[in-house]
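Some notes on the structure that comes next.
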Amino acid sequence: MTSERRLVEEQVERLLSGQGSEVSLCDVGMEQSKPAALRKNITYIVCAVIFNEKEEVLMVQEAKQDCYKQWYLPAGRVEVGESLEEALRREVKEEAGFDCEPITMLLIQEQGPQWIRFIFLARISGGSLKSLAAADQESLQAAWWDRQSPLPLRGRDILRLIENGLKYRRNPWHPVTLPVDLSCRHVVQRMILVFVGAEDQIWILLVRGPTPHLPTAAAVKTHAVTWAANMVVQEALPSSYYDHDVTTLGVCGLQHNGRQHGRTDGVCLNTLVALVPDRVQRDEDGLKVELPPTGRPPPIENPRYVWFEVQNLDLREKLLEKTRNTSVLPIHSLY
């Protein structure tokens with residue numbers, strides 16, 4: 001086995017297991033991207049889904065004028081110099097009175113690289129429920145909600161987040177995924193971009209130089225963060241791009257540091273992406289034609305890129321399982 005093959009498979013294994021690795025270069029989109037700087041060109045929101053033993057969910061009553069007395073999950077902006085987990089602990093303490101510990105991220109939502117929300121499942125580790133007597137500008141009070149009683153909500157978007165939290169609590173369907181403390185200057189997507197053959201072979205798209213590596217692309221503010229994968233496919237396989245779906249299945253891991261303002265405010269999303277032939281095409285009369293499954297990935301047209309066939313059986317099984325069951329942290333674009 002060549003050392004290059006081993007290094008590629010080791011990097012894929014690391015990222016699949018939720019560990020990170022340094023972002024030393026960005027292959028695509030850098031010229032359209034600016035370094036991330038909180039409060040200037042980027043906003044990160046953290047949101048906590050916390051249940052008690054009765055499966056009631058922790059809610060806070062808003063003090064802000066535009067949503068006064070309405071209820072929402074504990075949530076707020078990440079401040080300059082904070083990690084995502086520090087921001088989560090601070091928001092829950094300020095708004096609900098409790099100390100908490102994150103269990104896993106449940107979902108990432110984004111509106112392009114300028115607005116990203118990280119939803120965590122968390123547990124209480126101390127403190128006490130904030131009462132009306134402790135009302136301040138952060139919140140009026142906190143309460144446990146049985147999810148049935150009438151409650152004026154600030155937004156119905158949280159119902160889905162609560163449902164996601166319950167589902168994960170009862171049956172965890174992706175590995176625990178928490179931010180890894182590795183710095184990144186931009187918002188980037190590093191992708192394990194796979195093509196599955198007719199007989200379950202798996203190929204991964206690599207950039208050839210300086211040593212073969214997984215492609216990393218900068219998010220651009222005119223598109224969803226995950227559009228970065230489309231940019232890579234357009235560059236590597238321009239003729240095949242319109243005959244294939246490029247689908248970011250989810251996030252295997254997230255890297256963020258945030259200590260140095262404007263230098264480490266970026267995030268790296270390590271994602272699993274599937275390139276899937278669009279098997280329903282139309283002929284010249286506009287009629288649908290079903291194409292047979294294809295055994296091999298489409299040909300590379302850009303010499304920067306190469307297909308890498310996975311021969312390690314364990315790694316192939318892991319990639320097949322995650323691709324088929326989408327057992328990765330979901331990322332949803334609200335763009």
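Heads up: numbering here begins at 1 and tracks the sequence.
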Around atom CZ of Arg263, are there more than 12 heavy atoms of other residues, nucleotides or ligands at under 6.0 Å? no
If I take atom NZ from residue Lys322 and atom CZ from residue Arg324, how far apart are they, to the nearest 0.5 angstrom? 14.5 Å
Begin from the C-alpha positions of Tyr242 and Gln234 and carry the test side chain to side chain contact (heavy atoms under 4.5 Å, CB included) through to its verdict. CA-CA 9 Å; Tyr242 293 101; Gln234 281 177 331; 4.3 Å; yes
Test item: Glu235 and Tyr241 side chains (from C-beta on) under 4.5 Å apart, heavy atoms: no
Flag side-chain contact, heavy atom, 4.5 Å: Ser183 against Gln255: no
Would you indicate whether Glu301, at its atom CD, is surrounded by more than 12 heavy atoms from other residues, nucleotides or ligands within a distance under 6.0 Å? yes
State the CG-CH2 distance between Leu58 and Trp144, to the nearest 0.5 angstrom. 4.5 Å
Lys/Arg N to Asp/Glu carboxylate O, Arg123 vs Glu101, below 4.0 Å: no
Before giving the answer on salt bridge (Lys or Arg N to Asp or Glu O under 4.0 Å), spell out for Arg89 and Asp99 the whole-Å C-alpha distance, their side-chain angles and the decisive distance to 0.1 Å. CA-CA 6 Å; Arg89 291 187 187 99; Asp99 302 311; over 6 Å; no
Does this structure show an ion pair linking Asp136 with Lys130, if we count only N-O contacts that are shorter than 4.0 Å? yes
Taking atom CZ of Arg259 and atom OG1 of Thr264, what is their separation to the nearest 0.5 Å? 8.0 Å
Give a yes or no on whether Lys34 atom NZ has more than 12 heavy-atom contacts from other residues, nucleotides or ligands under 6.0 Å away. no
Could you tell me whether Glu85 and Arg90 make a salt bridge, using a distance below 4.0 angstrom between a side-chain N and a carboxylate O? no
Would you say Trp173 and Ser327 make side-chain contact, with heavy atoms under 4.5 Å? no
Within one Ile-Leu-Val-Met-Phe-Trp-Tyr cluster: Val188 and Val233, side-chain cutoff 4.5 Å: no
Are Asp27 and Tyr305 linked by a side-chain donor-acceptor pair shorter than 3.5 Å? no
Counting distance only, does the side-chain N/O of Asp265 pair as donor-acceptor with the main-chain N or O of His261 below 3.5 Å? no
Gln189 and side-chain hydrogen bond (donor to acceptor under 3.5 Å, both in side chains): which single residue from Thr226, Thr216, Thr271, Asn270 fits? Thr271
Looking at Glu91 and Arg77, is any side-chain nitrogen of the basic one under 4.0 Å from a carboxylate oxygen of the acidic one? no
Check ion pair Arg170-Glu55 (N to O, under 4.0 angstrom): yes
Is Val23 reachable from Ile108 through a run of I, L, V, M, F, W or Y residues, each pair having side-chain heavy atoms under 4.5 Å apart? no
To the nearest 0.5 Å, what is the distance between CZ (Phe120) and SG (Cys47)? 10.0 Å
Test Gln141 against Gln61 for side chain to side chain donor-acceptor pair (under 3.5 Å), laying out the working first. CA-CA 5 Å; Gln141 62 179 325; Gln61 193 175 33; 2.8 Å; yes
Same cluster or not: Met191 versus Leu182, using hydrophobic residues (I, L, V, M, F, W, Y) connected whenever any side-chain heavy atoms lie under 4.5 Å apart? no
Side chain Gln32, main chain Gly29, donor-acceptor under 3.5 Å: no
Please determine, by modelled atom types, if Asp243 and Ser240 share a side-chain donor-acceptor pair under 3.5 angstrom. no
Side chain to side chain donor-acceptor pair (under 3.5 Å) between His186 and Ser33, worked out: CA-CA 7 Å; His186 295 248; Ser33 167; 2.7 Å; yes
Stepwise ring pair (Phe, Tyr, Trp, His ring centres under 6.0 Å) check, Tyr44 with His256: CA-CA 11 Å; Tyr44 296 141; His256 173 258; 5.7 Å; yes
Taking every non-hydrogen atom, the tightest pair across Leu269 and Val225: CD1-CG1, 3.4 Å
Smallest heavy-atom separation, Cys100 atom then Ile50 atom, equals CB-CD1, 4.1 Å
How about Ile158 and Met59: do any of their side-chain heavy atoms sit closer than 4.5 Å? yes
Would you please say whether a donor-acceptor pair under 3.5 Å links the side chains of Ser24 and Glu22? no
Worked check of side chain to side chain contact (heavy atoms under 4.5 Å, CB included) between Asp146 and Lys54: CA-CA 8 Å; Asp146 62 9; Lys54 297 188 220 161; over 6 Å; no
To the closest 0.5 Å, what do you measure between OH (Tyr168) and CG (Leu329)? 9.0 Å
Please test Arg147 against Glu163 for salt bridge (Lys or Arg N to Asp or Glu O under 4.0 Å), starting from the C-alpha separation and ending with a verdict. CA-CA 10 Å; Arg147 312 187 320 279; Glu163 204 50 50; 5.4 Å; no
Please find the pair of heavy atoms, one from Leu84 and one from Pro179, that lie closest to each other, and give the distance. CD1-CG, 4.0 Å
Heavy-atom side-chain proximity of Ile331 to Thr248 below 4.5 angstrom: yes
Hey, could you give me the CD/NZ distance between Gln137 and Lys64, rounded to the nearest 0.5 Å? 10.5 Å
Can you find a pair of side-chain heavy atoms, one from Leu214 and one from Ile192, that are under 4.5 Å apart? yes
For Ala48 against Val92, the heavy-atom pair lying closest together: CB-CG2, 3.6 Å
Tell me whether Phe98 is reachable from Ile162 by hopping between hydrophobic residues (I, L, V, M, F, W, Y) whose side-chain heavy atoms are closer than 4.5 Å. no
If you look at every heavy atom in Gln311 and Arg5, which pair is closest and at what distance? OE1-CZ, 3.6 Å
Heavy-atom neighbours of Arg160 CZ exceed 12 at 6.0 Å: no
Do His332 and Arg117 pass the side chain to side chain donor-acceptor pair (under 3.5 Å) test, and can you show the C-alpha distance, the side-chain angles, and the key distance before you say yes or no? CA-CA 10 Å; His332 292 166; Arg117 179 160 76 164; over 6 Å; no
Using side chain to side chain contact (heavy atoms under 4.5 Å, CB included), reason through Arg190 and His213 one step at a time and then give a plain yes or no. CA-CA 10 Å; Arg190 174 165 42 201; His213 60 274; over 6 Å; no
Donor-acceptor under 3.5 Å (Arg154 side chain, Tyr68 main chain): no
With clusters defined by side-chain heavy atoms of hydrophobic residues (ILVMFWY) lying less than 4.5 Å apart, directly or transitively, does Val251 cluster with Val180? no
Between Pro113 and Val220, what is the shortest heavy-atom contact and its length? CD-O, 3.4 Å
Between Val187 and Ile116, is there a side-chain heavy-atom distance shorter than 4.5 Å? yes
Using the side chain to side chain contact (heavy atoms under 4.5 Å, CB included) rule, take Val60 and Leu73 through it: C-alpha gap first, then chi angles, then the decisive distance, then the call. CA-CA 6 Å; Val60 294; Leu73 293 170; over 6 Å; no
